[in-house]
Structures are given as C-alpha cells and as structure tokens.
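Working notes, beginning with the structure itself.
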Protein chains: 2
Amino acid sequence: MKADAIVLFRNAGLFSGLTDAILRKAASMAISGRLSRGQILFYEHERASGVYIVSEGELRSFRQDAEGREQTLSIARCGAVVGLSALFSGGTFFNTTIANSAAEIFCIEKHDVEELCREDPGFVRNAARALANQVREFARVIESLALRSVEQRVAEYLVLVAQESGIENGTICAMELPLTRSAIASRVGSTREVVSRAFSHLETLGLIQTKDRRILAIPDMAALGEFSGVELSSSGPGFQHDESLEGDTAGRMWLNGESKGKRLPRPYVAAS
Amino acid sequence: MKADAIVLFRNAGLFSGLTDAILRKAASMAISGRLSRGQILFYEHERASGVYIVSEGELRSFRQDAEGREQTLSIARCGAVVGLSALFSGGTFFNTTIANSAAEIFCIEKHDVEELCREDPGFVRNAARALANQVREFARVIESLALRSVEQRVAEYLVLVAQESGIENGTICAMELPLTRSAIASRVGSTREVVSRAFSHLETLGLIQTKDRRILAIPDMAALGEFSGVELSSSGPGFQHDESLEGDTAGRMWLNGESKGKRLPRPYVAAS
DNA sequence: CGGCAAATTGAAAAGACTCAAAGTAAGTGG
DNA sequence: CCACTTACTTTGAGTCTTTTCAATTTGCCG
C-alpha cells in the first residue's frame with residue numbers, strides 16, 4: 001500500500017530530486033483513496049485539508065457560474081498535484097475538482113505537508129515550482145480567452161492534444177480526442193454548438209480531417225498552429241537575450257527599456 | 001541606499017516573517033533601479049535574470065497578441081514581487097512588464113535568489129505563498145473572462161477599485177478611477193469603446209453615477225457586486241465545511257462526493 | 001429495435017468589435 | 001486669455017462573432 005505511494009512519488013514533480021528518506025516519510029503520511037467517475041473531490045470555498053497527488057485516472061479542476069456554465073482550469077493526471085495553492089494561500093480551495101474517470105489518489109494532510117516543508121527545503125522548492133508552472137499555464141489561458149477567437153482556441157487545444165498524444169506519420173498527425181464537444185467547450189471557454197461549428201469550419205479550411213467524431217488527423221501541424229495564433233514554443237532564431245551579457249553587475253537591465261527589435265505597437269500606459 | 005531596501009523588504013510579502021539577518025543579506029544583494037513611465041522592464045520570452053521588488057510606483061504585466069491588443073495580467077505596487085514565477089519555472093519571462101508610472105525597484109539576481117533559497121526555507125515558503133496568490137488571482141481572471149460579459153467584468157473591476165481605494169459614506173461609495181478607459185479595457189479583456197458603453201449602461205441602470213470621467217460614485221456596492229456576478233467573498237452562512245470534522249484520520253473526505261447542499265447543475269464528465 | 005447521450009445544423013438574437021465622427025478636457029505657447 | 005494641440009472619451013452605425021433555442025441526426029448499448 002505505502003509501496004504504491006513511494007513508486008508514485010518518485011516520479012511526481014512535487015518530490016523530484018528529494019532524498020529517499022523524505023520520500024518514504026511522505027509516503028507513510030499519504031492516505032490513499034479512490035474516486036469513481038464523476039465524483040467530486042472538493043468544492044470551491046471548502047476549507048483545504050490537504051493536497052492530493054494523482055496516481056491513476058484524471059481529475060479536472062473547474063469553476064462554475066450561477067447558471068452552471070463551467071470553465072475548466074486544469075487537468076491533473078498521474079503524478080500531478082491538486083490543491084496545492086490552497087494550502088499556501090488562504091486555506092480554502094478556489095475551484096471545484098471532480099474525477100473525470102475512476103481515479104486513485106493520495107492525500108497528504110495539511111499538517112503533514114507543513115511537516116514536510118519544515119523538514120526539507122527541497123520540498124518547498126518543488127512546491128514553488130509546481131505553483132510557478134500553474135501560474136505560467138494560467139497566463140496562457142488568460143491570453144487565449146482574452147485575445148483569441150473560439151476557433152483559434154479550439155485549434156490551440158487540438159495542437160496541444162496532438163503534441164501529447166498524437167501519432168505522427170510523416171507530416172500528418174493522427175489522434176484520438178479524449179473529450180466530448182461539451183468538455184472541449186468547457187476547456188476553451190465556449191459552448192457545445194460553437195465548438196462543433198469550429199470543427200466543421202477547420203475541416204472546410206483543410207486544417208483538420210475528421211474520421212469519426214473522436215478520431216481526427218492534422219495534415220499540417222504548423223499550419224494549424226499558426227492558425228491558432230500561438231507563437232511557436234521556445235522562440236525562433238535571434239529571439240532571446242544574449243547570454244553573454246548575463247552575470248555582470250549593476251542596474252544595466254533597465255537602462256534600455258525601448259530598444260529590442262520588435263514590431264509590436266507600443267503598450268498603453270496608465271494616466272498619471 | 002541599502003537601508004532603503006531593508007525598510008522596503010521588511011514590509012514585502014516575499015520577506016515577511018524572516019529574520020533580520022536574512023533581510024539584511026537580501027538587501028545587500030539587491031540592486032536598485034529606476035524606471036520612467038512607459039519604460040519596459042522585461043519582455044516575454046526573455047531569459048529571466050532575477051526577480052524585482054517594487055518600491056515605488058506601479059508596474060503592469062501583460063501579454064500582447066500579433067495585432068498589438070493586450071491583456072494585462074497583474075499590477076504590482078509597493079512591496080509586490082515581479083517575475084518570480086519565471087525563476088521557478090522555465091527560466092524565461094512569460095509576460096512583458098512595463099512601468100505604469102515612474103517607479104523605483106530592486107532587483108535580486110537569479111543566483112542571489114538561489115542563495116536565499118538555500119539559506120532560508122522561510123524564504124522559499126514565502127515565494128510559494130506569493131505564487132499561490134497569483135494562481136488564485138489568475139483563476140479569478142479566467143473565470144471572469146470565460147463566464148461573464150464585459151459589463152459584468154467592468155462592474156467587477158469597479159467593485160475592486162472601490163474596495164481598495166474608495167471612500168465610503170454611509171451606503172454610498174465615492175472613488176477616483178486611476179485608469180483610462182483603454183487601460184480598463186486591457187484589464188477586463190475588451191476595448192475602449194465597449195468599456196465606455198458599459199459605463200453608460202451601468203449609469204442608466206443606476207448602479208453607478210459618474211461625476212467626471214474619472215470620478216464616480218457607487219450608490220449601492222452590494223447591488224453592483226451582485227450585477228457583476230461575483231460571489232460575495234468569504235462565504236455566507238452555512239457554506240463552509242464543518243470544522244469539527246477536521247483532524248480525524250483516513251480517507252473520509254472522498255467517500256461522499258455528491259452530497260453538499262448545492263443548487264448547481266451537475267458538472268460534465270469526460271467520456272470514457 | 002428502442003432509447004439515450006452526444007453531435008450537428010439552422011435560424012434568430014444578443015453581444016462584442018471596428019471604424020468613423022464628434023465631443024471633452026487639460027495643457028502649451030503665443 | 002485665447003487658439004491650438006493632444007490625448008481621451010463618447011456615440012452611431014455596420015459587421016462579425018458568439019450564444020441560444022429548437023429540431024434533427026448520429027452512433028452506441030442494452
């Protein structure tokens with residue numbers, strides 16, 4: 001039983017690089033549990049009693065408005081942590097999370113997490129990393145929602161899924177969609193029908209080919225990516241800072257605000 | 001010069017609760033700098049060379065799409081940290097940040113931050129807290145963008161500003177808007193004109209009264225808050241978990257997923 | 001085959017964006 | 001003090017996107 005937890009934790013981001021001693025300790029603290037599909041792990045506003053590490057299956061965190069429309073914030077699979085931010089900020093969950101499938105999870109209760117923090121700075125550091133990743137991810141979502149159309153967001157989502165579970169065959173990439181249209185809508189911030197239409201339109205544009213509702217092929221990933229409006233990850237040529245500049249002292253970094261070979265219009269500045 | 005930094009750091013969330021020794025050490029590492037209004041501190045994708053603590057003035061972090069439309073992610077004022085998540089995740093900034101006004105800031109370089117992390121677990125813990133706060137805040141933004149109309153988001157913004165800088169007088173609350181319509185638009189994810197219309201409409205609804213463009217009064221905060229669709233903070237009666245249940249062992253917390261006296265429709269579940 | 005959930009499609013309406021034209025406010029320099 | 005510039009705001013009209021509602025259709029599973 002605890003052996004399970006050790007194996008899991010060894011590959012979980014939250015524990016990466018930590019000593020076996022701590023790993024074992026964490027595993028001994030962990031309370032294992034199962035969720036059936038559709039079961040809710042916790043509700044928004046609830047007092048956070050601990051963090052959860054996903055062992056099997058899939059959890060989905062989301063927010064819901066008064067009419068019941070929902071926006072999913074994140075998906076957690078094997079090795080991922082859920083509910084971490086609540087422990088470090090405010091102590092109440094700020095989303096509802098539900099099991100997307102039957103799932104197995106481990107819970108580490110709040111005071112045990114605190115114990116781990118006290119014991120091993122590396123653990124806190126990993127927690128910080130996990131949180132930073134979430135911040136980054138959320139920033140992406142915010143940009144998408146604010147700046148892109150539904151069709152673009154659907155395209156973005158498809159590229160994402162293709163990257164993590166598609167099978168490439170030359171330039172073409174085949175994939176199976178794990179989500180229903182409704183669920184996709186909840187991810188990209190729209191509605192069933194609009195997502196459905198987005199699929200149709202993407203197909204008429206030749207950017208995707210749907211076999212079945214759940215099976216589709218992307219003839220040209222680059223094209224779809226470009227359509228989605230997402231800048232291709234990890235920067236093209238001549239983008240990043242000159243590394244050699246790094247490491248010298250003093251306030252150099254903000255002496256030259258404007259330069260930089262960018263073609264973007266200048267940003268707003270708040271009035272005095 | 002370094003004295004400045006100590007005074008600032010003592011009240012900054014990133015250093016709260018830390019020993020004077022660490023505080024002094026951090027202050028001695030800090031590089032002070034000034035930004036003029038409109039100057040850019042760093043660009044998205046740039047290699048993160050350190051974190052910044054705001055001493056004076058206001059910084060704004062945002063993302064921009066290809067056409068130059070921008071979405072602001074956060075505002076940082078005195079005592080706030082900027083660029084923290086980049087250090088803990090990936091090492092490159094994931095937004096651009098600009099000075100909204102003339103500003104004074106302190107930079108702690110990457111290797112110095114690492115040094116502080118190694119030296120004091122409390123520092124890492126504070127960093128984690130700061131990141132968790134940002135996660136929470138971003139979740140709010142995502143919900144707003146996905147689930148609410150522009151008018152509601154404007155209302156939400158007004159309530160926010162009123163809470164932090166409005167002056168109440170009985171039930172009525174007067175306030176000065178620090179931002180132009182364009183800047184508000186960038187915050188709530190819309191455009192000048194639409195925000196302008198939102199103000200007009202809110203006024204015809206009697207939810208706000210504008211004196212000048214920058215001065216307005218909210219006759220009834222509760223009404224405006226309700227209009228915005230944001231659940232009133234910190235939960236009404238009978239909402240939170242029964243505290244007395246907390247602290248007992250075992251996997252009780254996920255044995256009863258469904259219960260909970262909620263009136264919301266049941267969430268989607270991804271297909272098998 | 002019947003029943004059910006998911007998906008699609010059409011049509012109408014609402015919401016949001018864009019462009020263009022005016023209006024307002026504050027500051028500058030004569 | 002006034003004309004003038006500049007930046008910000010408002011408003012109207014047209015268009016496009018997105019949502020919503022309703023009606024089918026599809027595919028699956030018992």
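Here is the naming used below: chain letters follow the sequence lines, and residue numbers restart at 1 for every chain. The figures here come from the full heavy-atom set of this structure, side chains too, leaving out hydrogens, waters and symmetry mates.
- Nearest-nucleotide mapping onto DNA chain D: of B:A146 and B:R197, the residue sitting toward the 5' end is B:R197.
- Residue B:E193 is in base contact, counting any heavy-atom pair closer than 4.0 Å across all strands shown.
- Taking atom CG of B:D65 as the reference point, atom P of C:dC17 lies 12 Å away to the nearest angstrom.
- No hydrogens or angles considered: nothing links the side chains of B:E137 and B:S74 as a donor-acceptor pair under 3.5 Å.
- Between A:E143 and A:R140 there is no salt bridge, since no side-chain N of the basic residue sits under 4.0 Å from a carboxylate O of the acidic one.
- The side chain of A:R213 sits closest to C:dA7 out of D:dT19, C:dA7, D:dT9.
- Contact check, A:S190 against D:dT19: a side-chain N or O comes under 4.0 Å of OP1 or OP2.
- Rounded to an integer number of Å, the gap from CD of A:E67 to C1' of D:dT20 is 13 Å.
- For D:dG27, its base never sits under 3.5 Å from the side chain of A:R214 at any donor and acceptor pair.
- Summarising the geometry, the separation between CG on B:L202 and C1' on D:dT9 is reported as 16 Å, rounded to the nearest angstrom.
- Side-chain N/O atoms of A:S200 include none lying less than 4.0 angstrom from OP1 or OP2 on C:dT8.
- Using cut-offs of 30° and 60° for the angle between ring planes, the A:F93 and A:Y52 rings count as tilted.
- Taking 3.5 Å as the limit, the base of D:dT11 and the side chain of B:R192 contain no donor-acceptor pair of atoms between them.
- Remark: the B:R181 side chain and the C:dT24 base include no donor-acceptor N/O pair separated by less than 3.5 Å.
- As rounded to whole Å, 14 Å separates atom P of C:dA14 from atom CD of B:E151.
- Atom NE2 in B:H201 sits roughly 13 Å away from atom P in C:dA14 (whole-Å rounding).
- Side-chain contact check for A:N169 versus A:I167: every heavy-atom pair is 4.5 Å or farther apart.
- Among the atoms of the strands shown, base atoms are found under 4.0 Å from some heavy atom of A:V194.
- Atom CZ of B:F199 and atom P of C:dG23 are 22 Å apart (whole Å).
- Taking the ring centre of B:Y157 as origin, the terminal cationic atom of B:R187 falls outside the region bounded by 6.0 Å and 45° from the ring axis.
- For the pair B:K211 NZ and D:dT9 P, the interatomic distance rounds to 19 Å; values are reported in whole Å.
- Nucleotide D:dT17 holds its P atom 20 Å from the CG atom of B:L145, rounded to whole Å.
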